[in-house]
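For reference, the structure is listed below as structure tokens.
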There are 2 protein chains.
Amino acid sequence: MAKNVTLKDVARHAEVSYQTVSKVIRGQMQVTPEVRARIDAAIDALGYRPNSAAQSLRLQASHLLGYSWQQDRQNQISPILQQFQHSMVECAEDLGYHILLFPQRPNKDLYSTYAALVETRRVDGFILSSIEYDDPRLPIIDRLKVPAVCFGRSSEDMSLPYVDIDGRAGIAEAVRHLIAEGHQRIAILAWPETSRVGTERLNGYWDAMAGANLPVDAAWVIRGAGESDYGYVAASQLLALPHDRRPTAIVTLLDIIAVGVMRAIADQGLQVGRDVAVTGFDDMPAVHYIKPGVTTLRQPVWEVGQLVIDMLVGLLKGEPLAHQHVLLPPELIVRESSQREALAQPNQ
Amino acid sequence: MAKNVTLKDVARHAEVSYQTVSKVIRGQMQVTPEVRARIDAAIDALGYRPNSAAQSLRLQASHLLGYSWQQDRQNQISPILQQFQHSMVECAEDLGYHILLFPQRPNKDLYSTYAALVETRRVDGFILSSIEYDDPRLPIIDRLKVPAVCFGRSSEDMSLPYVDIDGRAGIAEAVRHLIAEGHQRIAILAWPETSRVGTERLNGYWDAMAGANLPVDAAWVIRGAGESDYGYVAASQLLALPHDRRPTAIVTLLDIIAVGVMRAIADQGLQVGRDVAVTGFDDMPAVHYIKPGVTTLRQPVWEVGQLVIDMLVGLLKGEPLAHQHVLLPPELIVRESSQREALAQPNQ
DNA sequence: TTGTATGCGTTATCAT
DNA sequence: ATGATAACGCATACAA
């Protein structure tokens with residue numbers, strides 16, 4: 001490691017006082033072009049960089065943002081959160097901030113985890129993702145009075161600023177697309193009531209069905225958890241309904257679940273798209289190789305990450321937020337799985 | 001945000017000098033139990049936590065470790081790297097460190113990215129993952145003379161400390177397993193020669209085949225890139241060989257590729273496991289739902305993360321490394337795809 | 001055992 | 001326009 005080059009070294013080299021250098025560097029002072037050039041040359045020659053610890057101490061700001069993510073049962077991070085992390089990191093750097101990762105131990109006191117980071121002044125604020133009902137982190141953030149912005153919301157009137165995907169609007173659009181394709185008996189594989197995201201999306205289904213004055217058979221709304229297996233089992237159940245009640249389209253809340261549904265349809269000797277339409281959610285790269293292609297809803301995650309950081313940094317600078325809560329609509333991507341006219345695909 | 005509680009506040013409350021508090025806190029001083037109790041009470045009452053910026057400035061150490069990851073073409077992080085990140089974060093916290101994320105912009109000067117972090121003293125060291133041949137980061141780290149430990153290696157005799165998975169040993173074990181299952185004509189879908197990891201794993205294949213004195217038909221060793229599609233195409237090619245040259249087992253370097261291979265086998269009217277054995281790599285959760293189950297090699301990623309951090313922190317403390325280079329063997333997980341006796345599975 | 005003095009590198013307030 | 005002085009909070013060599 002090279003020796004520290006300090007402000008004083010630069011000042012000595014440029015033959016000015018170090019306070020002058022400090023001010024000139026950040027444009028708080030006008031000097032003669034000649035002096036300015038001497039200082040720039042000195043900085044360049046010595047390779048000076050301000051010491052971030054000293055800056056943090058002086059400015060009472062670490063320029064670090066704490067982020068802790070959640071894995072699902074399979075120890076996996078959703079592609080959504082991966083991209084979210086990436087976009088945050090880039091946007092933060094553009095604003096002079098960095099992301100600090102910290103663990104979320106299952107058996108450790110959550111409060112002390114956050115408190116330690118705040119009280120040691122290690123981070124200036126937090127980003128929270130995967131917010132659910134009664135999220136234990138929310139009261140903690142509130143109690144610590146630390147700036148924070150969430151990706152996701154626990155309810156409409158959350159006190160914390162958040163950016164979220166409008167899953168309700170997304171599913172509604174998917175259902176309207178299916179209706180436009182001529183479907184009337186549309187089923188949905190929802191999530192348990194404890195899932196905020198799932199409930200939100202299910203509402204989109206009700207919206208669209210009601211908007212088109214289509215009746216909903218109680219059997220068409222299934223709640224469950226799991227991945228491909230959930231889709232397979234639930235779809236098999238739907239396809240076993242009497243013909244006049246059997247849905248011709250099945251909406252799912254996740255691409256992987258849609259894959260299970262498609263397998264169930266094929267196993268019944270039916271053809272996905274032509275006989276039964278299917279839609280997913282997330283546009284997961286992992287299912288891109290599935291044939292037929294899965295109609296899905298792509299979340300604008302990149303924008304979410306940028307917005308979350310923008311908002312948090314704004315908060316830290318004391319700027320009032322333009323929007324306390326932002327809802328971004330997902331984009332419907334139509335592929336073969338929801339089209340009757342799609343070309344037949346040889347392999348499943 | 002609550003007001004700062006400093007050492008002096010604690011000292012005033014405990015009626016001692018603040019230097020005494022400082023020393024007592026970190027056990028550098030013996031005091032009467034009575035004084036000790038007063039100090040503890042004060043810390044507790046005021047909720048004192050040492051200011052990390054002040055500590056960093058004083059100790060010339062940020063206790064931050066820089067980590068930047070790489071995404072694949074599909075903007076995805078491999079499950080391996082996800083788990084790696086997680087294990088690092090937990091282990092780092094146990095040692096009083098945190099992970100700082102920084103972006104790897106494709107078109108930005110790589111050197112300045114690292115230099116900025118080092119010269120501002122923002123991080124004490126780096127963790128590098130996804131090392132390949134001629135990795136541009138290696139000379140940078142070398143030039144900056146900053147402590148760093150890698151997950152992965154570009155060559156055997158790398159100057160930087162590293163922890164890596166012994167892919168060669170892993171593939172060799174998989175091949176020996178296939179041989180034990182009675183296979184003799186074993187093919188492998190390798191990666192391009194530019195892939196260090198791929199070359200390494202391919203060597204394991206040669207090791208095992210040579211070790212069993214089995215001849216290798218040149219047509220059995222295919223090099224290519226891609227995911228499921230690569231597996232499908234390459235396997236179709238292998239299965240089109242004359243019967244006496246057609247492999248009865250196909251080794252792949254990735255579970256997803258194995259899935260493509262299995263589809264090709266099924267499309268030929270053959271049965272995976274009984275007619276042609278298949279093995280993958282990584283034990284990816286995403287393919288857990290595939291039937292028949294994919295025999296694969298699970299990487300001990302958690303251990304890698306722990307080791308990498310242990311080594312880097314040791315380096316920062318000036319401790320000599322017990323092992324400069326560590327190679328961890330993957331674990332063979334045998335499932336139906338490589339067993340002739342496996343129960344027949346109804347759905348693909 | 002306890003307290004004093006100094007510096008880590010920066011920013012900011014005041015003089016000049 | 002420039003420079004002396006203080007302060008941010010902590011750790012430590014040294015003196016008492």
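So that the names make sense, note that chain A is the first sequence line, chain B the second, and so on, each numbered from 1. Hydrogens, waters and symmetry mates play no part in the numbers below; they use all other heavy atoms, side chains included.
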Partners of His63(A) by side chain to side chain contact (heavy atoms under 4.5 Å, CB included), sequence neighbours excluded?
Ala61(A), Tyr97(A), Asp124(A), Arg122(B)

Whole angstrom value for the distance that separates P of dT6(C) from CZ of Arg58(B)
14 Å

Any pair with a residue in residues 152-162 of chain A that passes salt bridge (charged side-chain N to carboxylate O under 4.0 Å, His left out), sequence neighbours left out, goes on the list, sorted by first then second residue, please.
Arg153(A)-Glu156(A), Arg153(A)-Asp164(A), Arg153(A)-Glu200(A)

Tell me which residues in residues 13-22 of chain B put a heavy atom below 4.0 Å from DNA chain C, sorted by number, or none.
Val16(B), Ser17(B), Tyr18(B), Gln19(B), Thr20(B)

Grab the CZ-P distance between Arg12(A) and dG9(C) for me, whole Å please.
12 Å

Backbone N/O of Thr120(B) and side chain of Ser52(A): donor-acceptor pair under 3.5 Å
yes

If each of Arg26(A) and Ala54(B) is mapped to the nucleotide of DNA chain C with the nearest heavy atom, which maps nearer the 5' terminus, i.e. the 5' end?
Ala54(B)

Under the side-chain hydrogen bond (donor to acceptor under 3.5 Å, both in side chains) definition, can you give me all pairs with a residue in residues 32-43 of chain B, not counting sequence neighbours?
Glu34(B)-Arg38(B), Arg36(B)-Asp40(B)

Side chain to side chain contact (heavy atoms under 4.5 Å, CB included) involving Thr113(B) - partner list, sequence neighbours excluded
Phe102(B)

With a non-hydrogen cut-off below 4.0 angstrom, is Leu7(B) in contact with a base, only sugar-phosphate, or nothing?
sugar-phosphate

What pairs with Ala115(A) under side chain to side chain contact (heavy atoms under 4.5 Å, CB included), at least two apart in sequence or on another chain?
Tyr111(A), Glu119(A), Leu144(A), Arg49(B)

Specify the separation, in whole Å, of atom CZ of Arg121(B) and atom P of dC8(C).
13 Å

For Tyr67(A), enumerate each residue passing the ring-ring contact (aromatic ring centres under 6.0 Å, His included) test, keeping only those at least two apart in sequence or located in another chain.
Phe84(A)

Listed in order of residue number, which residues of residues 35-51 of chain A have a non-hydrogen atom at under 4.0 Å from DNA chain C?
Tyr48(A), Arg49(A), Pro50(A), Asn51(A)

Residues that Ser112(B) engages under side chain to side chain contact (heavy atoms under 4.5 Å, CB included), provided they are two or more places apart
Asp109(B)

By the ring pair (Phe, Tyr, Trp, His ring centres under 6.0 Å) test, which pairs, at least two apart or in different chains, include something from residues 31-57 of chain B?
none

Whole Å only: how far is the CD atom of Glu119(B) from the P atom of dG9(C)?
15 Å

Take atom CG of Leu59(A) and atom C1' of dG9(C), then tell me their distance rounded to the nearest Å.
11 Å

Heavy-atom contact window of chain B on DNA chain D, given 5' to 3' at under 4.0 Å:
dG9(D) to dC14(D)

Taking atom types as modelled, find out whether Gln104(A) and Ser68(A) have a side-chain donor-acceptor pair closer than 3.5 angstrom.
yes

Filter on side-chain hydrogen bond (donor to acceptor under 3.5 Å, both in side chains), then keep only pairs touching residues 132-141 of chain B, sequence neighbours left out; what's left?
Asp135(B)-Arg137(B)

Over all strands shown, is Lys8(B) touching base, sugar-phosphate only, or nothing at heavy-atom distances under 4.0 angstrom?
nothing

